[in-house]
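Single-structure report; data block below.
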2 protein chains.
Amino acid sequence: MTPGATAAGPDPDDAGRPAPSRRPGGRSARVRARVLDAVRAQLVEHGYDGLTVDAVAARAGVHRTTVYRRWRDVGGLLADVLDAAGDDDWRPEDTGGLESDLVALNREVHAALTERPSITAALIAASFRSTEAADALRRFWEDRYARCEVVVHRAVRRGEVPADTDARGLLVAATAPLYHRLVLLRTPPDPRLPEDAARAAALAAAAGAFVGP
Amino acid sequence: MTPGATAAGPDPDDAGRPAPSRRPGGRSARVRARVLDAVRAQLVEHGYDGLTVDAVAARAGVHRTTVYRRWRDVGGLLADVLDAAGDDDWRPEDTGGLESDLVALNREVHAALTERPSITAALIAASFRSTEAADALRRFWEDRYARCEVVVHRAVRRGEVPADTDARGLLVAATAPLYHRLVLLRTPPDPRLPEDAARAAALAAAAGAFVGP
DNA sequence: ATGGTAAAGCAACTGTTGTTGCTTTAAGGA
DNA sequence: TCCTTAAAGCAACAACAGTTGCTTTACCAT
């Protein structure tokens, strides 16, 4: 549910992540893999401020101009990392109940946003500097929220919420407080935040808060 | 409820905003007023990307070094703007009901986040580049949410929600979806978003979602 | 094997951002 | 009115981000 998680899905153009010796694909694919690795590593070690094109190029053992030409700037690099992160087989956990499903979801989000340093937080920050990164992040989240809608469909099937519940609205209501507090408000992390937000959203949904007017 | 609103409160050190001819205070106060004016104007006209120290200095008719020395960087400038914006007498509207109070609140937030260009959005973006701006924004929001708690107290008094309702939790739940959708997810603005989010939060609160475990 | 082509490497240049030592200005108190 | 002092102005500099024209490399298909 978060772009920080290391993707491992197959990508014909890309090359997995840490292959012992030989990577498939031509020189371009090798360079791309090395550069994206460097971006992630640099981000983890020095945060967003330490993420310059020069640093990434040096770390990847690649020339500056190569990076400038293929990715244009830091935002382009992060957009590529983001797109690569979306190529996985992530699915929301099925715990058997709406509230607990949402709690599981929120725990993932909470963990991704509170780890130090947080790749997720760095990518969000980057989305404010680069429209490319912003677009990539929007695509990523669109995809993730779409995958999460099954959680609501299951709840409908179980009769926990009305049949015409707006899945997206419910999911956003459940997760938004985490992002708001941790990313925007920057309040100290509260370990029971995931549970609280999930419970409130589940209660509101059961009360019919997410059906049309 | 948003830093974009032009502050008009008194500040002994500062000088209001648009005084016809003569401003009180010495040269420093005059320079500060001119520079902060320039920041706001530049932000409105050219967005965050056009907000460079040089542009602000030129616009304010002040030397680059003066700005660098007093504010250090763009983040410092915005932090000062933010602090000045907090010095007003804003209070949440009293509409007579919890849900409608929250709707009124959300309409303000929605308007501030969707206007083009949005000073609020620019300040949020800036908070990711500068810890100074981030701190100022946190202070600003802490203050605003504190002022909003009266909305919940009134609802408690009316018996709309349980007495031990967590005011902050409810307020965050009501407003977070707006910030999440408009700032982070960047979904196209939906005019009924304020109502929907307010309704969901009010329903959840009435169902006791924001009382301790 | 070998030649065409796309991508990587290289070096030199431009423009912006931020810094520093010093000079000048003006507000405010004696 | 003059003198002190803090802050603004100035110019020159350093560091760095990003660009461009050209050369070299290596993948791949013939």
Side-chain angles (χ1 to χ4, degrees), chain A residues 11-15 19 21-39 42-43 46-80 122 125-126 128-133, chain B residues 12-15 19 21-39 42-43 46-80 125-126 128-133:
Chain A
D11 182 350
D13 188 28
D14 182 19
S21 53
R22 212 77 192 119
R23 291 175 195 276
R27 182 163 67 154
S28 298
R30 227 157 42 230
V31 166
R32 180 165 112 109
R34 288 230 310 270
V35 168
L36 294 194
D37 281 346
V39 170
Q42 188 73 10
L43 209 47
H46 303 282
Y48 187 89
D49 295 326
L51 191 72
T52 66
V53 171
D54 283 27
V56 168
R59 178 160 210 146
V62 158
H63 204 267
R64 289 156 20 86
T65 34
T66 298
V67 177
Y68 276 117
R69 278 205 254 254
R70 276 187 65 172
W71 287 276
R72 185 186 161 84
D73 58 15
V74 183
L77 284 168
L78 286 164
D80 204 6
F128 286 97
R129 303 202 197 182
S130 146
T131 58
E132 255 183 301
Chain B
D13 187 29
D14 183 17
S21 53
R22 212 80 192 113
R23 292 174 194 278
R27 182 162 68 152
S28 298
R30 227 158 41 230
V31 165
R32 179 165 112 110
R34 288 229 309 270
V35 168
L36 294 194
D37 281 345
V39 170
Q42 187 73 10
L43 209 48
H46 303 282
Y48 186 89
D49 295 326
L51 191 73
T52 66
V53 171
D54 282 26
V56 168
R59 177 161 212 146
V62 158
H63 204 269
R64 291 157 19 86
T65 34
T66 298
V67 178
Y68 276 117
R69 278 203 254 255
R70 275 187 68 172
W71 287 276
R72 185 185 160 84
D73 58 14
V74 183
L77 284 168
L78 286 165
D80 204 3
F128 286 98
R129 303 203 197 183
S130 145
T131 58
E132 256 182 299

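A, B, ... follow the sequence lines: proteins, then strands. Residue 1 opens every chain.
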Report yes if at least one side-chain N or O of B:R30 is closer than 4.0 Å to OP1 or OP2 of D:dA8; otherwise report no. no

Can you see if the side chain of B:T65 gets near the phosphate of D:dC10 - specifically, an N or O under 4.0 Å from OP1 or OP2? no

Whole-Å distance between [N] [atom2] and [X] [atom1]?
X: A:R70; N: C:dA7; atom1: CZ; atom2: P; answer: 8 Å
X: B:R32; N: D:dA8; atom1: CZ; atom2: P; answer: 12 Å
X: A:D73; N: D:dC16; atom1: CG; atom2: P; answer: 19 Å
X: B:Y68; N: C:dT17; atom1: OH; atom2: P; answer: 6 Å
X: A:L77; N: D:dA17; atom1: CG; atom2: P; answer: 13 Å
X: B:R69; N: D:dA7; atom1: CZ; atom2: P; answer: 11 Å
X: B:H63; N: C:dG21; atom1: NE2; atom2: C1'; answer: 14 Å
X: A:R34; N: C:dG9; atom1: CZ; atom2: C1'; answer: 13 Å

Checking all strands, does A:D54 fall into the base, sugar-phosphate, or nothing category for heavy-atom contacts under 4.0 angstrom? sugar-phosphate

With a 4.0 Å cut-off, would you call A:R70 and A:D80 a salt bridge? no

For the side chain of B:R64 and the base of D:dG9, is some donor closer than 3.5 Å to an acceptor across the two? no

